Amino acid sequence: MSPRPSSPAAGLDPAGSWRPPPGVSTTVFVRTVVTHLVCFVLALAVLAAAAGGTAAAPVLFCALLLGSGVALSLRLRRLRERASTPRRPRTVAATPGHALPPAPPLSGHRAAEQAVTRYGELLARRPLDGGVHAADWQIALDVYEEAKRAEPGLVPQILARGHGALKRLSAGDGDDRERENDPALWSRGSGSATVRMPRPEGWTGKCLLAFEGSSPSGFLVCARVGRRGRRAVKLASREHGPALVRVPAPAAPVEGAVTIEISTDGPWRAALLPARQARALDGTVHGDASEVLLNRAGHRLATFEHRGDGDFAIREPHAHDPRAGRLIAEGEGRSSLRLGLHGIGAVFVDSDDAWSVTVSGT
């Protein structure tokens with residue numbers, strides 16, 4: 001039986017020849033040993049300069065020799081373990097004239113996950129729907145939750161029900177448009193006032209506040225929100241008029257009604273409308289005041305043109321505060337911007353100047 005090599009020459013065999021441990025290349029082995037020997041010599045020189053001739057010098061020398069040997073032994077052991085561990089195969093990139101092997105077909109679970117994800121994106125593009133079509137909207141939501149938990153083989157059948165509900169929602173988008181100009185919907189007045197506005201009859205979904213002020217000096221409209229309506233949120237403001245704005249209305253905190261505070265010195269009219277009465281992004285849409293636009297067709301790109309000298313901002317509508325939604329773009333003065341609208345169901349253009357939005361296909 002061969003004796004075990006002693007420190008620090010952990011790789012020295014009984015015959016006195018240096019050899020690397022199994023699995024470690026000679027170059028790596030020699031570089032490791034030389035590095036440790038150099039460190040040992042430098043440490044020995046420091047020791048001789050600091051404690052040479054003292055009684056503690058032999059003890060410190062033995063400790064240094066032992067520590068160097070142990071460190072070298074541990075380092076060689078780690079090299080041996082690393083060499084024996086199998087490496088992961090590297091990904092081979094395709095080169096001209098050498099195509100990669102075809103990807104394996106999607107499993108049933110993977111295909112079902114992708115189908116559910118696409119359906120979820122369709123739901124995300126309709127954030128303002130509901131109301132008189134709440135039954136179909138609830139079906140569409142329930143289908144999404146059911147499909148996420150279902151077996152892969154049942155997913156297509158479940159999603160078919162959801163797509164049917166979404167089609168019925170799209171078909172009913174214009175049901176309430178003719179009611180926008182109904183005189184019964186509008187509250188009218190002149191000068192500053194506080195008005196309690198109930199939701200449209202039969203409507204339980206999100207709403208828009210349409211406000212038209214005729215004063216040349218503009219107007220300011222705020223909503224009372226929170227418990228007992230103690231907090232005021234600015235919905236619309238103009239420094240010049242007349243103008244008609246359509247902004248997201250906050251959720252009605254008390255008895256299905258929204259309380260708004262109007263500050264102006266001229267005639268005005270206001271109405272709480274179903275959110276689906278917002279104009280849709282189709283071709284080029286022009287405006288000259290703050291307004292919500294629906295991305296019903298799921299357009300991915302649009303061009304925004306701002307033709308005034310004031311500030312502007314483009315956001316996703318927020319349920320409680322029009323100016324708290326996620327910012328898409330903002331700026332000042334005459335501008336032309338390219339907007340990415342993928343996955344965005346509606347945009348809120350906040351500006352007091354003329355603007356236009358042109359969609360660029362789906």
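Just so we're clear, the structure is a prediction, and the values are computed from it rather than from any experiment.
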statement: All heavy atoms of Ser263 vs all of Ser192, minimum pair found to be CA-OG, 3.4 Å
- request: Determine the minimum heavy-atom distance between Gly266 and Ser215, stating which atoms define it.
  value: N-CB, 3.8 Å
- prompt: Do Ile260 and Cys222 come within less than 4.5 Å of each other through their side chains, counting heavy atoms only?
  reply: no
message: We want to know whether Ser351 and His306 form a side-chain donor-acceptor pair, criterion being a heavy-atom distance below 3.5 angstrom.
response: yes
message: Contact between Leu293 and Val285 at the side-chain level, heavy atoms closer than 4.5 Å - yes or no?
response: yes
task: Could you walk me through whether Leu281 and Leu294 pass the side-chain contact (heavy atoms from CB on, under 4.5 Å) test, one step at a time?
output: CA-CA 6 Å; Leu281 283 173; Leu294 296 180; over 6 Å; no
query: How far does CZ of Arg300 sit from CG of Asn295, to the nearest 0.5 angstrom?
result: 10.5 Å
message: What verdict does the side-chain contact (heavy atoms from CB on, under 4.5 Å) test give for Thr194 and Thr259, after you've listed the backbone C-alpha separation in whole Å, the side-chain angles of each residue and the deciding distance to 0.1 Å?
response: CA-CA 7 Å; Thr194 299; Thr259 299; 3.7 Å; yes
query: Linking I/L/V/M/F/W/Y whenever any side-chain heavy atoms sit under 4.5 Å apart, do Phe312 and Leu327 land together?
result: no
message: Is any side-chain heavy atom of Arg326 closer than 4.5 Å to one of Ile344?
response: yes
field: Distance-only side-chain donor-acceptor flag, Ser356 / Arg307, under 3.5 Å
entry: yes
message: Check this for me: Glu239, atom CD, are more than 12 non-hydrogen atoms of other residues, nucleotides or ligands nearer than 6.0 Å?
response: no
message: Within the structure provided, determine whether Val221 and Leu209 are in side-chain contact (heavy-atom separation under 4.5 Å).
response: yes
task: If the plane angle is over 60° it's perpendicular, under 30° parallel, otherwise tilted; pick one for His163 and Tyr119.
output: perpendicular
- prompt: Ala150 and Ile158: which non-hydrogen atoms are nearest, and at how many Å?
  reply: CB-CD1, 3.5 Å
- prompt: Would Thr303 and Arg338 count as having a side-chain donor-acceptor pair, cut-off 3.5 Å?
  reply: yes
statement: dist Thr358:OG1 -> Leu301:CG (nearest 0.5 Å) comes out at 12.5 Å
- prompt: Are Phe348 and Leu220 linked, directly or through other ILVMFWY residues, by side chains that come within less than 4.5 angstrom of each other?
  reply: no
message: Main chain of Gly310, side chain of Asp353: is a donor-acceptor contact present, judged purely on distance under 3.5 Å?
response: yes
Spacing of Arg149 atom CZ and Leu154 atom CG [to the nearest 0.5 Å]: 13.0 Å
message: Which heavy atom of Ala278 sits nearest to which heavy atom of Arg296, and what is that distance?
response: O-NH2, 3.9 Å
Nearest atoms (heavy-atom pairs only) where Ala243 meets Phe219: O-CE2, 3.9 Å
- prompt: Under 4.0 Å between a Lys/Arg side-chain N and an Asp/Glu carboxylate O for Glu305 and Arg334?
  reply: no
field: Tyr144 side chain reached by Val116 side chain, heavy atoms, under 4.5 Å
entry: yes
message: I'd like to check Asp350 versus Arg315 (side-chain heavy atoms, cut-off strictly below 4.5 Å). Are they in contact?
response: no
field: CA sep, side-chain torsions, deciding dist, call: Val292, Leu208, side-chain contact (heavy atoms from CB on, under 4.5 Å)
entry: CA-CA 8 Å; Val292 173; Leu208 297 177; 4.0 Å; yes
query: Roughly how far apart are Glu261 CD and Lys234 NZ, rounded to 0.5 Å?
result: 14.0 Å
query: At what distance, to the nearest 0.5 angstrom, does OG of Ser190 lie from CG of Asp265?
result: 8.0 Å
statement: For Leu341 and His299, the nearest pair of non-hydrogen atoms, with its separation, is CB-O, 3.3 Å
- line: The single option from Arg246, Arg269, Arg238, Arg188 that satisfies salt bridge (charged side-chain N to carboxylate O under 4.0 Å, His left out) with Glu212 is Arg269
- request: Could you grab the distance from atom CH2 of Trp355 to atom OG of Ser335, nearest 0.5 Å is fine?
  value: 15.0 Å
- prompt: Hey, are the side chains of Arg161 and Leu159 touching, using non-hydrogen atoms and a 4.5 Å cut-off?
  reply: no
query: Is there side-chain contact between Trp268 and Ile262, with at least one heavy-atom pair below 4.5 Å?
result: yes
- prompt: Do you reckon Val247 sits in the same ILVMFWY cluster as Val195, going by side-chain contacts under 4.5 Å, direct or chained?
  reply: yes
- prompt: Under the side-chain contact (heavy atoms from CB on, under 4.5 Å) criterion, do Val349 and Phe304 qualify, and how do the steps go?
  reply: CA-CA 10 Å; Val349 180; Phe304 175 77; 3.8 Å; yes
